[in-house]
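Report on one structure; see the data block that follows.
Everything numeric in this text was worked out from a predicted model, so none of it was measured. The sequence lines fix the lettering, A, B, ..., with proteins before strands; numbering per chain opens at 1.
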Amino acid sequence: MRIASFNINGVKARMPRLLEWLDETKPDVACLQEIKSSDETFPGDAFHEVGYRAIWHGQKGFNGVAVLQRGEETPHEVLRGLPGDDEDTHSRYIEADVNGVRVVCIYLPNGNPVPGPKFDYKLNWMQRLRTRMTELLEAEIPAVVIGDYNVIPEDKDVWSPKAMASDALMQPESRDAYFRLIHDGWTDAIDLHHPRGGMWTFWDYQAGAWQRDHGFRIDHALLSPTLADRLIATGIDKEYRGREKASDHVPVWIEIKD
DNA sequence: ATGGCGTGTTTCACACGA
């Protein structure tokens with residue numbers, strides 16, 4: 001089973017690229033972030049027409065996540081919204097069971113500028129995420145927490161640590177929160193298979209970042225111990241960044257034994 | 001130090017992203 005994640009930066013604007021990617025790579029599960037769509041305007045029918053059933057947690061204009069499953073079965077929703085803060089109105093989290101695997105699709109807050117309330121929100125969100133992920137570990141559920149983490153884990157994951165030094169994506173507090181998850185027992189699937197780094201998943205639209213290969217790795221798949229045992233392969237679909245009307249992120253994927 | 005590009009809505013200007 002192949003589980004993919006794609007920050008699409010607007011489902012409406014990305015629909016041609018997205019349908020093309022589903023047709024060409026046929027992931028069994030596709031987790032989407034930044035759909036930037038309300039629940040009412042999300043194109044669920046269009047995905048059904050090309051062989052996918054979907055659940056989503058939308059929000060007008062910003063954020064928003066979705067889980068697509070290939071075939072006629074709809075992902076079995078477990079949670080919508082990250083628990084732990086009733087005041088949090090952002091749509092950044094959806095959790096579902098798909099073919100016996102718990103799939104958690106996340107769009108973690110960016111956190112810029114540092115310092116400030118947005119950075120505080122990011123760190124608080126990561127704390128709440130750790131609480132939920134610990135529950136999954138304790139229940140020994142085969143799980144993958146996949147999506148846009150907005151964290152550059154190590155210097156090998158960015159084209160220039162110096163250029164990005166003041167960014168929320170690689171502050172020590174952001175990295176510490178990420179590595180607490182790793183130390184809890186989660187496996188960074190892409191890092192496991194590509195330990196030397198250089199696996200960018202994002203290139204900015206600005207300043208010719210794609211042409212200069214000024215990218216970094218912020219889209220991750222964290223596997224619970226029992227799912228990590230079943231990991232076969234990982235990768236990123238880099239070529240989609242070079243196509244017309246591309247997202248600034250590329251898809252990342254994991255392949256696990258059935 | 002700033003803006004650069006792209007997508008969205010509050011649309012011919014601004015918020016937000018990373």
Touch class at under 4.0 angstrom, heavy-atom based, for A:Asn9 against every strand present: sugar-phosphate
Interatomic distance, A:Tyr240 atom OH to A:Ile8 atom CD1 [nearest 0.5 angstrom]: 14.5 Å
Phosphate contact (B:dA18 OP1 or OP2) by A:Asn7 side-chain N/O below 4.0 Å: yes
Side chain of A:Gln206 - closest among B:dG4, B:dG8, B:dT10: B:dG4
Proximity to the side chain of A:Phe216 - top-ranked nucleotide from B:dA18, B:dC16, B:dT7: B:dA18
B:dC5 versus B:dA18 - spacing of their C1' atoms, nearest Å: 12 Å
B:dC12 to B:dG8 separation - C1' atoms, rounded to the nearest Å: 15 Å
Listed nucleotide nearest any side-chain atom of A:Lys245, set B:dA18, B:dT7, B:dG8: B:dT7
Name of the residue among A:Leu231, A:Val104, A:Ile3, A:Leu136 meeting side-chain contact (heavy atoms from CB on, under 4.5 Å) with A:Val144: A:Ile3
Closest to side chain of A:Lys60, choosing from B:dA18, B:dT9, B:dG17: B:dT9
Sugar-phosphate only, base, or nothing, as touched by A:Asp148 at under 4.0 Å among non-hydrogen atoms: sugar-phosphate
Nearest-angstrom distance, C1' atom, B:dG4 to B:dG17: 14 Å
Pairwise C1' distance, B:dC14 and B:dG3 [rounded to whole Å]: 16 Å
Nearest listed nucleotide, side chain of A:Arg14, among B:dG6, B:dA18, B:dG17: B:dG6
Residue met sooner reading DNA chain B from 5', once A:Ala246 and A:Asn110 are mapped to nucleotides: A:Ala246
Sugar-phosphate, base or nothing in reach of A:Lys122, heavy atoms under 4.0 Å: nothing
Short side-chain N/O contact to B:dG17 OP1/OP2 from A:Lys118, under 4.0 Å: yes
Touch class at under 4.0 angstrom, heavy-atom based, for A:Asp248 against every strand present: nothing
Distance below 4.0 Å between A:His249 side-chain N/O and B:dA18 OP1 or OP2: yes
Distance between P atoms of B:dT11 and B:dC16 (Å, rounded): 15 Å
Upstream residue (5' side of DNA chain B) when A:Val11 and A:Ala207 are each assigned their closest nucleotide: A:Ala207
Touch class at under 4.0 angstrom, heavy-atom based, for A:His214 against every strand present: nothing
Spatial distance of atom OG (A:Ser224) from atom CZ (A:Arg102) [nearest 0.5 Å]: 10.5 Å
Sugar-phosphate only, base, or nothing, as touched by A:Tyr149 at under 4.0 Å among non-hydrogen atoms: nothing
Residue pair A:Asp28 / A:Arg2: nearest heavy atoms and the distance that separates them: OD2-N, 2.8 Å
Nearest-neighbour nucleotide for the A:Tyr205 side chain, B:dG8, B:dG6, B:dT9 considered: B:dG6
From A:His249, A:His214, A:His220, residue fulfilling ring-ring contact (aromatic ring centres under 6.0 Å, His included) relative to A:Phe202: A:His249
A:Trp203, A:Tyr205, A:Trp200 screened by ring-ring contact (aromatic ring centres under 6.0 Å, His included) with A:Trp210, the one that passes: A:Trp203
